[in-house]
Amino acid sequence: MQIKYPFLYDILLFPFELMLIRSWRRCLWTRLPGLRVLEVGAGTGLNIPFYGKERQVTALDIGKSGLQRAKRRADKTAVQVDFIQGNAEALPFPGESFDAVAATFLFCSIENPRCGLAEMQRVLRPGGTLLLLEHVRAAGLLGKIMDIFSAPIYRLFNEHIARETDKLVRQSGFVNITVMPLFFDLVKLIRAEKPTDTKI
């Protein structure tokens, strides 16, 4: 997601980070296996405190200004991060480059989520892990309300609030999928693996 004013973005998000989101980020990164890790949609680097010193993390985002802020955040820590400007729908890495791929609140904003998932699967090694922290379309009446407001919110903020990312993961060729609700059925931690048989 392009972040036009990174400093303002962090300020607006701060109370939500403090109350809930930081604990969700920690939940994701403590469950992430492997040494070679790609974060897609790194934004301003709000996940950096949870990377861990033992990992070799590549942080990718489409927005230059957000990555600049993320670099300054990383400079204040002991973690080693490679920052790459690039598109989630055309990842600039060879196939099977990473043990794990992570993303937080990314799939509401990319244009083609199926393409993004296919790219993430491509750059994972066989058996590698995908971990997503996403808000998704709710069930029942709330989901229908989200459907009504999805189009106007997209026009205003370029975000799809009613995407069913958990279902898209199931349809994208991943295996061993688990979904953990974190905030009712609106926010979920989605874990999946690339098949070991890469012909699948």
Side-chain angles (χ1 to χ4, degrees), residues 1-2 16 20-21 23-34 37-43 46-47 60-62 86-91 95-96 98-200:
M1 177 176 64
Q2 291 274 17
F16 302 101
L20 287 172
I21 300 176
S23 65
W24 297 340
R25 295 183 191 279
R26 185 180 293 108
C27 181
L28 183 150
W29 286 91
T30 56
R31 286 166 169 76
L32 203 65
V37 177
L38 171 66
E39 182 186 4
V40 183
L46 293 172
N47 284 311
L60 177 140
D61 198 86
I62 198 171
N87 192 326
E89 298 168 55
L91 295 174
E96 303 183 9
F98 299 97
D99 300 315
V101 175
T104 56
F105 304 113
L106 171 69
F107 280 88
C108 58
S109 59
I110 66 175
E111 288 300 316
N112 188 331
R114 293 182 187 276
C115 181
L117 287 168
E119 278 291 277
M120 291 177 180
Q121 186 170 143
R122 179 183 67 80
V123 302
L124 276 170
R125 64 166 175 78
T129 300
L130 173 72
L131 264 176
L132 305 177
L133 173 61
E134 293 290 336
H135 64 77
V136 300
R137 183 187 184 278
L141 179 60
L142 180 56
K144 293 177 182 178
I145 294 172
M146 292 172 73
D147 291 338
I148 293 170
F149 286 99
S150 181
I153 287 176
Y154 177 76
R155 287 194 293 270
L156 287 170
F157 303 107
N158 199 36
E159 290 201 11
H160 299 271
I161 64 167
R163 276 199 171 145
E164 297 179 300
T165 304
D166 47 345
K167 292 184 180 179
L168 290 175
V169 171
R170 295 184 188 280
Q171 297 165 4
S172 296
F174 288 93
V175 297
N176 299 328
I177 299 166
T178 59
V179 178
M180 178 191 300
L182 296 176
F183 186 74
F184 302 100
D185 63 345
L186 285 172
V187 178
K188 296 179 179 179
L189 184 66
I190 304 163
R191 184 188 186 279
E193 295 176 0
K194 179 175 179 174
T196 53
D197 180 355
T198 56
K199 294 180 181 179
I200 293 179

side-chain hydrogen bond (donor to acceptor under 3.5 Å, both in side chains) partners for W24, two or more places apart:
none
Would you mind reporting whether L117 and L132 have side-chain heavy atoms less than 4.5 Å apart?
yes
Holding to salt bridge (Lys or Arg N to Asp or Glu O under 4.0 Å), I want the full list of residues that pass it with E119, two or more places apart in sequence or in another chain.
R122
With sequence neighbours left out, the residues meeting salt bridge (Lys or Arg N to Asp or Glu O under 4.0 Å) with E111 are none
Listed partners of H135 passing ring pair (Phe, Tyr, Trp, His ring centres under 6.0 Å), at least two apart:
none
Looking only at heavy atoms, what is the nearest atom pair of T129 and P33, with distance?
OG1-CG, 3.4 Å
Check against side-chain contact (heavy atoms from CB on, under 4.5 Å), M120 and L106
CA-CA 12 Å; M120 291 177 180; L106 171 69; 3.7 Å; yes
Walk me through it: do T165 and K167 pass the test side-chain contact (heavy atoms from CB on, under 4.5 Å)?
CA-CA 5 Å; T165 304; K167 292 184 180 179; over 6 Å; no
State, to 0.1 Å, how close L32 and V101 come at their nearest heavy-atom pair, and which atoms those are.
CD1-O, 4.5 Å
Qualifying residues under side-chain hydrogen bond (donor to acceptor under 3.5 Å, both in side chains), relative to D185, sequence neighbours excluded
none
How would you list, by chain and number, every residue that makes a ring pair (Phe, Tyr, Trp, His ring centres under 6.0 Å) with F107, sequence neighbours excluded?
none
Does the side chain of L91 reach to within under 4.5 Å of the side chain of L38, using non-hydrogen atoms?
yes
In a table with atom names and distances, give each donor-acceptor pair under 3.5 Å that connects a side chain of residues 172-179 to protein atoms at least two apart or in another chain.
from	atom 1	to	atom 2	distance (Å)
S172	OG	L168	O	2.6
N176	ND2	E193	OE1	2.8

Output yes when a side-chain donor or acceptor of K194 lies under 3.5 Å from a complementary backbone atom of L124, and no otherwise.
yes
Answer whether the closest heavy-atom distance between the side chains of I21 and V187 falls below 4.5 Å.
no
Considering all heavy atoms of both residues, which atom of K188 and which atom of P181 are nearest to each other, and what is their separation?
CG-CA, 4.2 Å
Suppose we screen for side-chain hydrogen bond (donor to acceptor under 3.5 Å, both in side chains). Which residues come up paired with R114, at least two apart in sequence or across chains?
Q171
Just so I know, are the side chains of L142 and F184 near enough to count as touching, which here means a heavy-atom distance under 4.5 Å?
no
Atom CD of E164 and atom CG of D166: how far apart are they, to the nearest 0.5 Å?
7.0 Å
Value rounded to 0.5 Å, distance of CZ in R26 from CG in L133
13.0 Å
side-chain contact (heavy atoms from CB on, under 4.5 Å) against R31, all qualifying residues, sequence neighbours excluded
C27, L131, M180, L189
Is any side-chain heavy atom of L28 closer than 4.5 Å to a side-chain heavy atom of R191?
no
For G43 versus D61, what's the shortest heavy-atom pair and its separation?
N-OD1, 2.8 Å
D99: which residues meet the side-chain hydrogen bond (donor to acceptor under 3.5 Å, both in side chains) condition with it, sequence neighbours left out?
R36, R125
Side-chain heavy-atom pair F98, V37 within 4.5 angstrom cut-off:
no
So the salt bridge (Lys or Arg N to Asp or Glu O under 4.0 Å) pairs with at least one residue in residues 131-152 (sequence neighbours excluded) are R137-D147
Counting C-beta onward and ignoring hydrogens, is there a side-chain heavy-atom pair between E89 and I110 closer than 4.5 Å?
yes
Would you mind reporting whether V136 and R163 have side-chain heavy atoms less than 4.5 Å apart?
no
